[in-house]
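Only one structure is covered here, and it is reproduced in the block below.
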Amino acid sequence: MHKLPKFRSIICATIAAGILFPGIASAEDATWSGFYGGLALGGTYGESNPDTVGESTPYFTSDDPAVQRPYLQKSLDDLALNGSVLGGYDHQSGQLVYGIEADLSVMDYSASTASGPVRYNSAGVDFNINSTLETNFAFSIRPKIGYAVGNWMFHAAAGPSIGYFDYDFRYTDTNAGAANDFSKSTLALGISSGLGSSYKLDNGWVLRGDYVMNYYPKVIDERQSFVRAGFRGSFDHQVDFQSHNLRFAVIKRF
C-alpha cells in the first residue's frame, strides 16, 4: 500500500497554509499565556513493520525460517478516523511561547495481512500466516515551544506516549491439522512529536491544525513456543508501530 506519500502531502499543505497566511491576522496583540482545553478530529495513517522470525527447531528444518521470513515480516498498514481531548498550559515571553500539553486520542484502527498457501522447499508442505494489529487509544504528554505572530502561533512539541494494542497471529500448515495461534493485548511506551499552527479568535477561542507522529518501537517483543506432531517449534515476535495523525481542533483558552 502507498497511502503515506499522499498523507504527507496533506500534512505539508496544512502547515504551509498556516505559514503563508499570517498576514490576515489582527494587529491586536494576542497573548498565549494561560490554561486551555479543546477537542480535535482527524485522520490516522498507521503502519507496522514486524521483524518476526521463525526459529530453527525440531519442527522447522534449517531452511524453513528463510522461506517464512518475507511473509512474517509483511507490513501492516491502514487508515482510521481519530478524535482527541486535549489540554495544557502556555507561558508567553515576547514572541516565544513555552508550554506543555496532554491529550487522549481514540481511534478504531485495525490492519491485517494474510499469506499463503506458500510451499516449503522440503516435503511438499504448504503454510499460511495471518497477522492483525489493532489499537484504540493513545495518551501523550508533550512539552512544546512556539512562536507568536499577532493572532497566529506556530509550535513544535515532543514527549512520551502510551498506546494500547491487540496483536493476533495464526500459523497453519499441511503437516498438522491444528492452527497455531498467538494473541496478546498490551500497553506500549513510545514517543510523540508534532508540528502545528493556531489562530486566536475572540473570547479566548482558538482554531488549530496540527500533525502528530507517534512511534512505539516495541509493541510486541515475545517468543512463542508450540508443539505440533510431537515436535517443538517457535516464533520470535518483534512488532513496532507508527502513526501519522492529521488533526483540526477547536480550543478554549482560560
Side-chain angles (χ1 to χ4, degrees), residues 1-4 44-82 105-139 161-191 214-244:
M1 299 177 70
H2 301 283
K3 300 173 183 175
L4 187 51
T44 293
Y45 170 81
E47 182 178 26
S48 173
N49 294 289
D51 195 25
T52 300
V53 294
E55 299 178 320
S56 294
T57 57
Y59 188 78
F60 295 131
T61 63
S62 59
D63 63 343
D64 287 351
V67 178
Q68 297 166 354
R69 186 173 292 111
Y71 307 100
L72 290 171
Q73 299 182 359
K74 287 179 66 174
S75 294
L76 298 91
D77 65 339
D78 208 350
L79 296 168
L81 296 175
N82 70 61
S105 297
V106 295
M107 66 205 77
D108 186 18
Y109 176 88
S110 178
S112 299
T113 65
S115 301
V118 179
R119 177 147 295 192
Y120 285 117
N121 296 328
S122 61
V125 174
D126 295 334
F127 68 89
N128 297 271
I129 292 172
N130 299 81
S131 300
T132 299
L133 183 67
E134 299 179 346
T135 182
N136 51 31
F137 87 83
F139 176 74
S161 181
I162 296 175
Y164 183 81
F165 297 90
D166 290 310
Y167 176 70
D168 293 293
F169 173 86
R170 168 167 284 199
Y171 169 87
T172 60
D173 64 36
T174 54
N175 188 47
N180 175 43
D181 294 330
F182 173 76
S183 297
K184 186 167 184 179
S185 298
T186 185
L187 290 171
L189 179 64
I191 187 168
N214 293 337
Y215 176 60
Y216 304 91
K218 293 291 184 182
V219 173
I220 302 294
D221 180 8
E222 192 161 328
R223 179 171 281 100
Q224 170 200 4
S225 296
F226 61 91
V227 176
R228 301 186 71 198
F231 296 97
R232 182 171 298 276
S234 64
F235 292 101
D236 184 18
H237 295 276
Q238 303 284 335
V239 181
D240 70 348
F241 179 75
Q242 59 179 302
S243 67
H244 303 269

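Sequential numbering from 1 along the given sequence is applied to the chain's residues.
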Sequence neighbours excluded, which residues qualify as side chain to side chain donor-acceptor pair (under 3.5 Å) partners of D63?
->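 Listed in chain order: T61, N121.
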Report the residues that fulfil side chain to side chain donor-acceptor pair (under 3.5 Å) with D181, sequence neighbours left out, ordered by chain and then residue number.
->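 By the side chain to side chain donor-acceptor pair (under 3.5 Å) rule, D181 matches R170.
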Derivation and outcome, side-chain contact (heavy atoms from CB on, under 4.5 Å), residues D126 and V118 | CA-CA 5 Å; D126 295 334; V118 179; over 6 Å; no
Side chains of [X] and [Y]: does their closest heavy-atom pair fall under 4.5 Å?
X: I220; Y: T186; result: yes
X: F241; Y: L133; result: yes
X: F127; Y: D64; result: no
X: K218; Y: D240; result: no

Ignoring hydrogens and angles, state whether a donor on the side chain of [X] or [Y] is under 3.5 Å from an acceptor on the partner side chain.
X: Y45; Y: D77; result: yes
X: N180; Y: Q224; result: yes
X: Y167; Y: E134; result: no
X: D51; Y: Q73; result: yes
X: Q238; Y: T52; result: no
X: S185; Y: D166; result: yes
X: S75; Y: N49; result: yes

So which heavy atom on [X] is nearest to which on [Y], and how close?
X: D78; Y: A111; result: CB-CB, 4.1 Å
X: S112; Y: T132; result: OG-OG1, 2.9 Å
X: F169; Y: S131; result: CD1-OG, 3.5 Å
X: A138; Y: Y216; result: CB-OH, 3.5 Å
X: R223; Y: S234; result: CG-CB, 4.5 Å
X: E55; Y: P65; result: C-CG, 4.1 Å

Dump the intermediate steps for side-chain contact (heavy atoms from CB on, under 4.5 Å) on F139 and Y164, then the final yes or no.
-> CA-CA 9 Å; F139 176 74; Y164 183 81; over 6 Å; no
Between F182 and F235, is a ring-ring contact (aromatic ring centres under 6.0 Å, His included) present by the stated rule, with each step listed?
-> CA-CA 10 Å; F182 173 76; F235 292 101; 9.5 Å; no
Return yes if some donor-acceptor pair links the side-chain N/O of S161 with the main-chain N/O of G190 below 3.5 Å, else return no.
->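 Between the backbone of G190 and the side chain of S161 there is no qualifying donor-acceptor contact (under 3.5 Å).
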Which distance, rounded to the nearest 0.5 Å, do you find between the [atom1] of [X] and the [atom2] of [Y]?
X: Y109; Y: L76; atom1: OH; atom2: CG; result: 7.0 Å
X: F226; Y: Y59; atom1: CZ; atom2: OH; result: 6.5 Å
X: D168; Y: N130; atom1: CG; atom2: CG; result: 10.5 Å
X: E47; Y: Q242; atom1: CD; atom2: CD; result: 5.5 Å
X: I162; Y: L189; atom1: CD1; atom2: CG; result: 6.0 Å
X: N214; Y: T135; atom1: CG; atom2: OG1; result: 9.0 Å

Assess whether atom CG of L187 is packed by more than 12 heavy atoms of other residues, nucleotides or ligands within 6.0 Å.
->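 It does: L187 CG has more than 12 such atoms within range.
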With a cut-off of 6.0 Å (strictly less than), are more than 12 heavy atoms of other residues, nucleotides or ligands near OH of Y71?
->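 For Y71, atom OH is not crowded (no more than 12 foreign heavy atoms under 6.0 Å).
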For salt bridge (charged side-chain N to carboxylate O under 4.0 Å, His left out), just list the numbers for D173 and R228, CA-CA rounded to whole Å, side-chain angles, deciding distance to a tenth of an Å, and then say yes or no.
-> CA-CA 10 Å; D173 64 36; R228 301 186 71 198; 3.5 Å; yes
Carefully, step by step, assess R232 and V227 under the rule side-chain contact (heavy atoms from CB on, under 4.5 Å).
-> CA-CA 4 Å; R232 182 171 298 276; V227 176; 3.8 Å; yes
Under the side-chain contact (heavy atoms from CB on, under 4.5 Å) criterion, do L81 and M107 qualify, and how do the steps go?
-> CA-CA 6 Å; L81 296 175; M107 66 205 77; over 6 Å; no
